[in-house]
2 protein chains.
Amino acid sequence: MANKINAINLKDRFHKLGYKYTEQRQMVVDVLFEHPVLHLSSEDICEYFKQKNINIGQSTVYRTLILLEKMQIVRSINLDDGFTRYELLNHDEEHAHHHLICSKCGSIIDIKKDLLKDLEKQIFKDYHFKVQDHCLKFYGECDNCKDKN
Amino acid sequence: MANKINAINLKDRFHKLGYKYTEQRQMVVDVLFEHPVLHLSSEDICEYFKQKNINIGQSTVYRTLILLEKMQIVRSINLDDGFTRYELLNHDEEHAHHHLICSKCGSIIDIKKDLLKDLEKQIFKDYHFKVQDHCLKFYGECDNCKDKN
DNA sequence: AGCAGTATTGCATTTCAATTTCATTATACT
DNA sequence: AGTATAATGAAATTGAAATGCAATACTGCT
């Protein structure tokens with residue numbers, strides 16, 4: 001777990017890359033850590049701060065998320081709702097994990113296990129295309145919604 | 001091939017659904033049929049008309065694409081370039097096909113074969129999630145770009 | 001500790017794809 | 001052909017994302 005990101009070594013990481021670990025950046029990171037299951041958008045985070053009467057400009061939140069992505073602390077994902085969403089990058093995972101998106105209730109289920117390794121080998125064989133990352137989403141009906149019919 | 005969409009039965013399809021088969025809609029469909037390999041955006045199509053001195057409003061193109069999607073003639077896809085792109089829906093394919101996206105040159109390769117059937121069965125077993133459709137993109141280096149190093 | 005240089009912040013503004021409005025025009029059915 | 005209805009397109013609007021810039025805060029240096 002040497003690679004694990006946490007609040008303890010984040011400051012160092014910022015400094016090593018020449019960035020300042022400001023209060024605002026810290027707070028954005030904190031929100032992400034406090035809600036590891038959610039897939040927060042920039043707007044969500046702004047709204048969260050507003051409700052807690054914390055004053056951080058929306059452009060700061062935007063720029064922080066972009067910075068965090070560059071630092072490989074978060075990954076941006078598109079869950080087809082018109083917002084760029086972010087999730088903490090787990091360094092145990094080599095690639096992006098997958099998402100199940102329920103068409104009925106909109107709930108998102110993360111699949112942490114990489115299910116595509118074999119496919120990527122096959123794609124290299126068939127297309128000589130060297131896969132570096134992937135994005136896999138499944139749309140359908142979740143367990144809860146299935147019962148409601 | 002009873003299901004195959006073509007210019008011959010398109011008019012009927014519009015009429016059966018209560019839509020008018022206008023010249024503009026016809027031309028949008030024609031552009032899509034003429035470029036089955038490309039993944040045209042609304043803007044691409046508008047640009048194409050402009051270059052041919054064909055006058056069709058951008059909102060008409062937008063609305064036509066949305067209508068064609070509703071009619072299951074096209075599918076909208078997101079290739080992460082900020083544009084909604086469209087491709088003809090092949091009714092031989094049960095699900096969306098996959099895309100290889102080269103990070104170097106931006107070229108897009110379609111994979112028509114459904115590689116996810118087994119995974120979807122497994123997802124139903126593990127998560128009780130009934131997959132209806134999917135979206136799979138691979139990012140990496142295409143055959144051409146690999147040689148250039 | 002105080003200073004200087006630089007990075008960051010946040011308000012306001014801009015960008016741009018996408019969508020909507022509404023008066024005009026075209027289509028399909030009788 | 002006439003009529004009801006749908007479609008068109010120019011222009012305006014929306015909303016997420018990005019940017020400019022003056023004010024502010026942070027860090028390293030003395």
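The sequence lines fix the lettering, A, B, ..., with proteins before strands; numbering per chain opens at 1.
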Apply salt bridge (Lys or Arg N to Asp or Glu O under 4.0 Å) to A:E141 and B:K130, showing your working. CA-CA 5 Å; A:E141 210 172 7; B:K130 183 89 188 71; over 6 Å; no
Taking the ring centre of each residue, are B:H95 and B:H97 less than 6.0 Å apart? no
Under 4.0 Å, heavy atoms only, any strand: does B:T22 hit a base, just the sugar-phosphate, or nothing? sugar-phosphate
Ring-plane angle category for B:H134 and B:H98, please: parallel below 30°, perpendicular beyond 60°, tilted otherwise. tilted
Hey, does B:E43 reach any base, or is it just sugar-phosphate, or nothing, if we go heavy atoms under 4.0 Å? sugar-phosphate
Between A:G57 and B:S42, which is nearer to the 5' end of DNA chain C once each is assigned its nearest nucleotide? A:G57
Is the A:Y48-A:H35 ring centre distance short of 6.0 angstrom? yes
So what does B:L65 hit on the nucleic acid, given a heavy-atom distance under 4.0 Å: a base, only sugar-phosphate, or nothing? nothing
Would you indicate what A:R63 reaches in the nucleic acid, counting non-hydrogen atoms under 4.0 angstrom: base, sugar-phosphate, or nothing? base
Heavy atoms under 4.0 Å, any strand shown: does B:T84 hit a base, just sugar-phosphate, or nothing? sugar-phosphate
Within the structure shown, what part of the strands sits under 4.0 Å from B:G82 by heavy-atom distance: base, sugar-phosphate, or nothing? sugar-phosphate
Candidate nucleotides D:dG9, C:dC11, C:dG10, ranked by approach to the side chain of A:N55 - the nearest: C:dC11
